[in-house]
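In what follows, a single structure is set out as structure tokens and then discussed.
Owing to the predicted nature of the structure, the values given are computational and were not obtained by experimental measurement.
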There are 2 protein chains.
Amino acid sequence: MPSHSAAEIALVAGTVARPALAETPFLAQARAPQTTILAEGAEIYAQGDKAQTVYQVVFGAVRVFRLLADGRRQISSFHLPGEVFGFDSSANHRFFAEAICATGVRAFRLSSDVDMSRDLLPLALRGLAKAQEHQLVLGRQSASERLAAFLLDLADRQGGLEQFDLPMSRLDIADFLGLTIETVSRTLTRFKAKGIIGLPSLRRVIVRKWGQLQQLAE
Amino acid sequence: MPSHSAAEIALVAGTVARPALAETPFLAQARAPQTTILAEGAEIYAQGDKAQTVYQVVFGAVRVFRLLADGRRQISSFHLPGEVFGFDSSANHRFFAEAICATGVRAFRLSSDVDMSRDLLPLALRGLAKAQEHQLVLGRQSASERLAAFLLDLADRQGGLEQFDLPMSRLDIADFLGLTIETVSRTLTRFKAKGIIGLPSLRRVIVRKWGQLQQLAE
DNA sequence: CGGGGGCTTGACGCACCTCAAGACAAGTGG
DNA sequence: CCACTTGTCTTGAGGTGCGTCAAGCCCCCG
């Protein structure tokens, strides 16, 4: 689990949150709810729960996923500071949401307010777009294309800096990309061997050759 | 391309359209636009087009897809009579939409009406749910699980009858399920050999053993 | 220092892809 | 009505990328 200083957290949350707020006035207007602190692995909601709340990540990271009967897992999305999740079904949740590491979230209860749906639509459309994007990755890309696209997306969402956090485990990455943990590990090692990325620690990445990474992502 | 009598078309469109209409008053209220008839393969919109219209299928079928630079294609969804599509991005389309066979669609232009977003939200959420469901299939299921789930979904959307149309080609199915055309063909042949389904013609399926098919779909 | 979870690395196998040929169906023109 | 074409689908043989199984490593923490 990566450790952050309070300053780091504030910085990340501040920079990433802004664009989301611009489109979703209710996140800013409403008397901002308290931030709830969650431990690593804590459940935010489960399959079957009633969905009447949307959440905004303040710090940390969240995974949203489904399970098959035999234990296979597909992570449908990760959520980083500033991002909003929790509207993945109209009535009952069809997914689980968990904190990946120590994480703070703000919960916005959905009243039957008329304006709510206006605020929610852009979020739903953005979620739809990301889900469809990910379909392309899962359906048609090779392991190295998947990893390259994943790293670029993460870098972008953390401000586009050359060095960024990898808050999730290799298993989480595998279950997001439709691969096994071994393939994820081997592919990252190959990227590192080619000098495309550096891995100063298990949960931290340095992008050294953006061009090659983008080329790999197709 | 399967041929329908006018009566068949009316029946299918009528039965399937109702649930959608119940949630989306604007589809019923607005002076219903003319049905546009499209030839097989006709483009409805292309990547980059402005997205200011949603469409409802009246008869026929539609595929929505993305292309990679090297020609790989991922079909993100199929749309059957009664179903609504076209809101796959907020500003510009990131996908192509084409008629799979001779198809009729009604186009609903989106004004900046306040009520529009209320009507659109349930559609967007349903689209999101289907996209996430499909992520699980693409990321974590085997070829036969994919085909079984696909056939059950198609049967369900056409009224749950034991016999139903397969409006799309094997290539379309492959590009939807993230497989090759050969794997689709082989898997269907295996289902047929096991007596799980019948294939009276290329574009028609009879489900003979629902239980086994559901079991295969996991 | 010893234990344990997460990660890496290796050897091997298999499900699916690739390449290639042939079957079938539907249309086309003589 | 029949040769011929064309596109789609099926079937086969062989290859490969990723999964599976199994050690072993590393880092953290007690």
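- A side-chain donor-acceptor contact under 3.5 Å links B:Gln158 to the backbone of B:Asp165.
- As a whole-Å value, the separation of A:Arg204 CZ from D:dC27 C1' is 18 Å.
- One axis for each end of the helix from C:dC1-D:dG30 to C:dG30-D:dC1, each built from five base pairs, and the angle between them comes to 30° at 10° resolution.
- The neighbour count for A:Glu162 CD, taken as heavy atoms of other residues, nucleotides or ligands under 6.0 Å away, does not exceed 12.
- With sequence neighbours excluded, the residues satisfying salt bridge (charged side-chain N to carboxylate O under 4.0 Å, His left out) with A:Arg66 are B:Glu133.
- Checked against a 6.0 Å centroid threshold, the rings of B:Phe96 and B:Tyr45 do not count as neighbours.
- Residues B:Phe95 and B:Phe65 keep their aromatic ring centres 6.0 Å or farther apart.
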Report summary line: Contact string for nucleotides 2-10 of chain C, one letter per nucleotide 5' to 3', B = base within protein heavy-atom range under 4.0 Å, S = sugar-phosphate only, - = neither, reads -----SBBB

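- Regarding A:Gln141, its CD atom lies at a distance of 16 Å from the P atom of D:dG17, rounded to whole Å.
- Ring centroid separation for the pair B:Phe108 and B:Tyr55 does not come in under the 6.0 Å cut-off.
- A straight line from CG of A:Asp175 to C1' of D:dC18 spans 15 Å, rounded to a whole angstrom.
- Remark: the A:Arg204 side chain and the A:Gln163 side chain contain an N/O donor-acceptor pair separated by less than 3.5 Å.
- A salt bridge is defined here as a Lys NZ or Arg NE, NH1 or NH2 lying under 4.0 Å from an Asp or Glu carboxylate O, and B:Arg170 with B:Asp175 fails to meet this definition.
- Distance CZ (B:Arg140) to P (D:dG19): 7 Å, rounded to an integer number of Å.
- Atoms CZ (B:Arg146) and C1' (C:dC17) sit 13 Å apart, rounded to a whole Å.
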